[in-house]
Amino acid sequence: MNEIIAYKDHNDEYYDHEIIDGVPIKSKSEDALNIMRHDMAHILAEAVTTLFPNAKPTIGPFIKNGFYYDFDMENTLSDEDLSKIEAQMKKILSEGRDFKKRSVSKEDALEIFKDNQYKVELINNLDNSAEINLYDQKNFTDLCKGPHHSSTTEYDANFKITSVSGAYWRGISTNKMLQRIYATAFYSERELNKYLKNLEEAKERNHRRLGTDMGLFLLTDLSAGNVFWKEKGLTLYQNIEKYIRSEQQKLNYLEVKTPELVSNELWIKSGHWDNFKENMFTSETDNKTFALKPMNCPCHIVLFNSQLITYKDLPLRYSEFGKCHRYEPSGALNGLFRVRGFTQDDAHIFCTGDQIYDVCNETALLIERVYKRFGFEKIKYNISTKPEKSIGTKENWDNAENQLKKVLSDNNKEFNILEGEGAFYGPKIEFTLEDSLGREWQCGTIQIDFNLPERLGAKYKDTNDKNQTPIMIHRAVVGSLERFIAIILENTNGWVPLFITPIQLAILPVSEKFIEYCNELNQQLKEAGIRTVVDGSDNKLGYKIRNSVSKKIPYSLVVGEKEIESKNFNLRSRKGENTSFAAIEEFKEFFQNN
């Protein structure tokens, strides 16, 4: 029998058995796995505090594919320490642990955790009258809202500590650096081994390593959270931008460019100053406050408002590869995945309520077309609906949500409804990619906005020459270009699609006497738009071939006396496969058509 172990509400919050207003969670389900991982976080904490009695546990949630726990410890954990912790966890599991919940007053909780300033801080942030939940196991008590399984004997936990890293308390860089132990757990050893294999593969595919090996970009504390693009990296960046631009032009997008530094007057009107100020970089000039824009949408409405717009102009599509800046704590920065300065492939489409379906449909098809061109075939779709706090009429919300559902249904897409998870200003579709390692990346968005156009006074003339407020649709295809490049690099292990790769072909002269011919050929191919490089080094041919492969150059062309005399070229792929071309024009066509 599939026993119910807890409940889950529409906000993905988990609750114990006594709260039954959510969706039942059955044993061995995906949600139950998350709860098991939460159990394991507590087991980890018991193991650490047993081995290191002075360690102060702070927080330990489950996360996607695993769990972690942060500790304030006197010593830096070594690989040997992690092995001991893992062994202690196995010992605890062999004994079995029950998780017993009890509720105490705030005063009692403060007394119980008086020697742990981190738990005290968490408790002090709670309401004075609230009952506080604790979970007891044999040698450990934790502050925790739950839920947990009744006992570790209810399942087989196959786990592995995967890494340790530094993490600021509560993610604030001015707070103390803690030690975060990451681990994972699965119900079966097979699932665990599969995950660990993918984890090792992911380490090999780390985009920071690939970026260094391929000479794409530089990350340095001289400008933390910002990217120094090298020549090859900029070529990759520009090729992605060029392709998306070409697809947008087919749909009559008007590409614009708005300032990066904008007066806070606009951000106050848009509401971002009150809600987002702490994440904005500001500057004082001429006794005025300016901010580097954290998003492009208010600036696009400024452009919309600068001219007379009628119903005949709608839908009006503004696109921008807009450079944005957001403050991220230094401890949260993560290569290209999380930066402070990034470029969004942003667009804002102004339309009427009757145009929502057509606009969203063409946008969804555009997003999917782009993903497939970049090699992503597995796409998941979520529709987020009206939250409890929202603006706009019920009629507008119902219409917008129905149109989004119809777009996906008409295109035969399966999708999930995330009830109540839309923004306060409108519903949205989220597009999530699955990469070659099974990891998921939320990238594209179609977001309907009932708020910002009205807030910033956007108007168009309707058929009766009366002012109406347009609906604005926010659209991102890949989102941050920096993040998307990291995703592509890791998805392909650096073998990015031919049409965007920085160097498509390495020309390899057999010896020095063929270099001049290779340089002439190189110039012809460059003029045809093929990105090539000549290896004129003194290295042997075998080394040149291996070197071009190591640099992720997909094709190489060996040039010697035989090739020059016959004019017959053999194009060698990275896998060692040869394609013969009888004329240079055929050769050019191959690259231009792929």
Side-chain angles (χ1 to χ4, degrees), residues 63-64 68 70 163 165-180 182 202-203 205-238 240-241 257-262 264 267 272-273 275-285 289-299 320-346 439 441-443 445 476-491:
I63 55 175
K64 183 176 174 61
Y68 70 80
D70 290 348
S163 64
S165 67
Y168 292 110
W169 167 237
R170 310 197 84 169
I172 300 172
S173 58
T174 54
N175 285 344
K176 186 169 183 179
M177 178 75 77
L178 308 174
Q179 293 188 75
R180 175 171 294 177
Y182 285 100
K203 289 179 182 177
R205 294 174 177 231
N206 185 287
H207 71 277
R208 282 169 287 193
R209 183 185 65 79
L210 290 168
T212 300
D213 292 347
M214 297 170 68
L216 302 181
F217 54 81
L218 174 68
L219 299 171
T220 167
D221 288 341
L222 291 173
S223 185
N226 292 282
V227 186
F228 288 76
W229 290 103
K230 298 182 179 181
E231 178 189 357
K232 292 177 184 177
L234 185 59
T235 298
L236 173 61
Y237 180 105
Q238 290 174 332
I240 293 173
E241 191 177 79
K257 197 73 174 174
T258 59
E260 291 180 40
L261 193 64
V262 182
N264 72 335
W267 307 115
H272 291 102
W273 194 254
N275 299 306
F276 208 76
K277 181 181 176 182
E278 67 276 8
N279 298 107
M280 299 169 74
F281 293 97
T282 60
S283 174
E284 299 293 328
T285 306
T289 301
F290 292 81
L292 288 171
K293 64 178 180 182
M295 64 278 295
N296 300 302
C297 23
C299 294
E320 179 175 8
F321 294 97
K323 188 63 180 288
C324 298
H325 301 265
R326 298 178 187 176
Y327 172 72
E328 297 282 358
S330 58
L333 299 176
N334 180 14
L336 302 188
F337 284 136
R338 196 162 183 179
V339 291
R340 290 173 175 166
F342 58 95
T343 299
Q344 285 187 310
D345 70 321
D346 221 352
R439 298 174 300 180
W441 308 96
Q442 196 278 307
C443 291
T445 306
V477 177
V478 301
S480 158
L481 263 68
E482 287 76 7
R483 179 173 176 264
F484 190 67
I485 287 172
I487 293 170
I488 287 180
L489 287 173
E490 297 200 2
N491 180 57

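It should be emphasised that the depicted structure is a prediction, and the values quoted were computed from it without experimental measurement.
- Looking at heavy atoms from C-beta onward, L219 lies out of side-chain contact with L333 at the 4.5 angstrom threshold.
- Of all heavy-atom pairs spanning V262 and C299, the tightest one is CG2-SG, 4.0 Å.
- For the residue pair R483 and N334, no side-chain donor N or O sits within less than 3.5 Å of a side-chain acceptor on the partner.
- By the 4.5 Å heavy-atom criterion applied to side chains, S165 and Y68 are not counted as neighbours.
- To the nearest 0.5 Å, the span separating OG on S480 from CZ on R326 amounts to 9.5 Å.
- Within the model, atoms CD1 of I485 and CD1 of I488 stand 7.0 Å from one another, a figure rounded to the nearest 0.5 Å.
- Atom CG of N275 sits about 11.0 Å away from atom CE of M280, to the nearest 0.5 Å.
- Once rounded to the nearest 0.5 Å, the distance linking CG of N264 with CZ of F290 reads 8.5 Å.
- Partner of E490 under the side chain to side chain donor-acceptor pair (under 3.5 Å) criterion, out of R208, R205, R439: R439 alone.
- Taking both residues in full, the closest heavy atoms of E284 and T289 are given as OE2-OG1, 2.8 Å, listed atom of the first, atom of the second, then distance.
- Between H207 and F217, the ring planes lie tilted relative to each other; the angle falls in the 30° to 60° range.
- Considering all non-hydrogen atoms of both residues, P294 and F342 come closest at O-CZ, 4.2 Å.
- Atoms OG1 and NZ, from T212 and K230 in turn, are 7.0 Å apart once rounded to the nearest 0.5 Å.
- Among all heavy-atom pairs drawn from W273 and K277, the shortest one is O-CB, 2.9 Å.
- A donor-acceptor contact shorter than 3.5 Å is absent between the side chain of K232 and the backbone of G211.
- Of all heavy-atom pairs between F337 and A486, the closest is CE2-CB, 3.5 Å.
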